[in-house]
Amino acid sequence: MGLYRRKDSPVWWYSFTRAGVRFRESTDTEDKAEALRIFEQAKADYRRGNKVKKWKWREFAGAYWFEHGQHCENKKTMQTQLETLSDHIGPNTFVDGLTNAAFTRFVQKRRAEVSNSTVNRELQLARAVLMYCEDIHSQAIPRISWKRLKLKEPPRRERFLSADEFDRLMSIENQEIAAISAWAVFTGMRKDNIKTLTRAQVDIGAQRVRLVTKGNKRQLIKLSSAAMALLSARSDRQERIFDFTNFEKRWRAALAEAKVSDFRFHDLRHTFASWARMSGVDILDLKEAMNHSDISTTMRYAHVSPDYQESAHEKVAQSAFLSRNRSRSTPSQLQAIDSKRKK
């Protein structure tokens with residue numbers, strides 16, 4: 001890449017590759033002629049086999065962000081975390097001089113400002129930055145006792161709807177919110193995937209939905225009869241299947257009306273998983289239905305012993321509608337919900 005200037009920096013930077021390893025560093029000068037001299041000197045040093053110049057934290061963080069972080073799904077959160085780490089570590093601190101004591105001070109200060117979980121996520125990112133620059137840029141990194149630095153976190157949240165709560169949520173005045181909530185429970189889909197769901201993602205014949213989920217993973221969801229009925233009742237929506245306009249305000253109002261407290265939208269996905277297990281779905285089948293990468297995540301729902309096997313999505317749909325009215329068929333209930341919505 002040679003000599004270049006970044007949008008966020010007034011000084012010149014250089015970048016070149018030797019033996020498959022890319023070296024990138026700031027020249028610490030705004031003068032192009034001087035920057036070019038430093039660049040040529042750096043290349044000459046590398047050719048002679050001189051020791052690679054030690055990087056400061058800003059070079060570590062910059063390399064990680066521009067080569068990897070900015071392309072990640074959670075880039076906004078990562079950028080904030082990198083800024084926090086830089087503020088505490090010091091952008092001009094030589095990384096190979098960082099110690100356990102330095103990170104201990106970081107933990108002590110941050111735990112007074114944010115939750116233990118947040119501190120652990122920031123430590124996790126710091127470790128990722130160091131390992132990335134060691135692997136990709138051959139930089140020396142310190143030995144840090146990451147396990148000892150990790151703080152104890154509270155038990156994971158395990159909130160899901162009861163049958164009565166689901167019944168009340170389905171009976172609210174705003175039937176668009178009711179339909180979105182029902183879809184989340186029937187499919188186990190995350191909010192972002194429901195919000196952006198289009199007709200093009202649905203294969204009606206195969207009764208499947210194609211998704212790109214968290215972590216850029218692809219997923220195929222087999223739609224239950226309940227989900228298909230809900231979908232067919234929304235034929236008036238030709239592009240985005242659900243209306244998320246002013247969603248947060250409508251969602252809070254819906255929870256208040258249904259008298260459902262201490263509840264987040266993501267808890268609808270937890271409801272899908274919990275109801276599936278309580279209906280006897282095998283833990284490996286549930287892992288696939290939830291599109292979890294690690295079985296340990298799914299094992300949060302392993303406290304219920306399965307009695308028999310059936311589609312996770314079909315079982316949740318059956319449980320939901322049996323809780324509302326055992327005398328009605330699933331399609332009829334969904335059509336009634338949508339009819340009420342249109343009035």
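Numbers here are sequence positions counted from 1. The figures here come from the full heavy-atom set of this structure, side chains too, leaving out hydrogens, waters and symmetry mates.
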Trainee: For K56 and E59, what are the C-alpha separation, side-chain angles and deciding distance, and is it a salt bridge (Lys or Arg N to Asp or Glu O under 4.0 Å)?
Mentor: CA-CA 5 Å; K56 300 174 182 178; E59 277 104 26; 6.0 Å; no

Trainee: Over 60° means perpendicular and under 30° means parallel, so tell me whether F60 and W57 are parallel, tilted or perpendicular.
Mentor: parallel

Trainee: Under 4.0 Å between a Lys/Arg side-chain N and an Asp/Glu carboxylate O for E165 and R159?
Mentor: yes

Trainee: Look at R250 together with E257 and state whether they make a salt bridge at an N to O cut-off of under 4.0 Å.
Mentor: no

Trainee: Tell me whether L151 is reachable from F106 by hopping between hydrophobic residues (I, L, V, M, F, W, Y) whose side-chain heavy atoms are closer than 4.5 Å.
Mentor: yes

Trainee: Check whether the side chains of E67 and H137 place a donor and an acceptor atom closer than 3.5 Å, and report yes or no.
Mentor: yes

Trainee: Taking everything shown except E153 itself, do over 12 heavy atoms lie less than 6.0 Å from its CD?
Mentor: yes

Trainee: Using the rule that two of Ile, Leu, Val, Met, Phe, Trp, Tyr join whenever any of their side-chain heavy atoms come within less than 4.5 Å, decide whether M131 and L82 are in one cluster.
Mentor: no

Trainee: Step through it carefully: locate the ring centre of Y4, locate the ring centre of Y14, and say whether they are under 6.0 Å apart.
Mentor: no

Trainee: For the residue pair K76 and Q79, establish whether any side-chain heavy-atom pair is separated by less than 4.5 Å.
Mentor: no

Trainee: Tell me whether the count of non-hydrogen atoms from other residues, nucleotides or ligands lying under 6.0 Å of CZ in R264 goes above 12.
Mentor: no

Trainee: Report yes if some heavy atom in the side chain of Q124 is under 4.5 Å from a heavy atom in the side chain of N120; otherwise report no.
Mentor: no

Trainee: Using only atom types and a distance under 3.5 Å, with no angle test, would you say the side chain of N174 pairs donor to acceptor with the backbone of I177?
Mentor: yes

Trainee: Go through the structure and list residues passing ring pair (Phe, Tyr, Trp, His ring centres under 6.0 Å) with F66, not counting sequence neighbours.
Mentor: none

Trainee: A179 and R234: which non-hydrogen atoms are nearest, and at how many Å?
Mentor: CB-NH1, 3.7 Å

Trainee: Salt-bridged, D28 to R58, with N to O below 4.0 Å?
Mentor: yes

Trainee: Taking atom CD of Q81 and atom CZ of R121, what is their separation to the nearest 0.5 Å?
Mentor: 9.0 Å

Trainee: Find out whether L231 and R199 are in side-chain contact, i.e. whether some heavy atom of one side chain is under 4.5 Å from a heavy atom of the other.
Mentor: yes

Trainee: Between F263 and W251, what is the ring plane arrangement, given parallel below 30°, perpendicular above 60°, and tilted in between?
Mentor: tilted

Trainee: Could you tell me if the side chain of F160 sits less than 4.5 Å from the side chain of M278, heavy atoms only?
Mentor: yes

Trainee: Would you say the ring centers of W275 and F166 fall short of 6.0 Å from each other?
Mentor: yes

Trainee: Thinking salt bridges, do E122 and R110 make one under a 4.0 Å N-O criterion?
Mentor: yes

Trainee: Hey, does Y64 have a side-chain heavy atom less than 4.5 Å from the side chain of L125?
Mentor: yes

Trainee: For a quick check under 3.5 Å, do W13 and T27 share a side-chain donor-acceptor pair by atom type?
Mentor: no

Trainee: Using distance alone, with no hydrogens and no angle criterion, decide if S274 and T271 have a side-chain donor and acceptor under 3.5 Å apart.
Mentor: no

Trainee: Does the S115 side chain pair with the main chain of T118, one donor and one acceptor, at a distance under 3.5 Å?
Mentor: yes

Trainee: Verify the distance criterion only: is there a donor paired with an acceptor across the side chains of S296 and D294 at less than 3.5 Å?
Mentor: yes

Trainee: Should the heavy atoms of other residues, nucleotides or ligands under 6.0 Å from CG of D203 be counted, would the total exceed 12?
Mentor: yes

Trainee: Does NZ belonging to K191 count more than 12 external heavy atoms closer than 6.0 Å?
Mentor: yes

Trainee: Can you name the residues that form a ring pair (Phe, Tyr, Trp, His ring centres under 6.0 Å) with H292, not counting sequence neighbours?
Mentor: none

Trainee: Just checking, any donor-acceptor pair under 3.5 angstrom between side chains of D243 and T245?
Mentor: yes

Trainee: Can you tell me how far apart CG (L3) and NZ (K32) are? Round to the nearest 0.5 Å.
Mentor: 7.0 Å

Trainee: Sequence neighbours left out, what passes ring pair (Phe, Tyr, Trp, His ring centres under 6.0 Å) with W183? Give chain and number order.
Mentor: F242

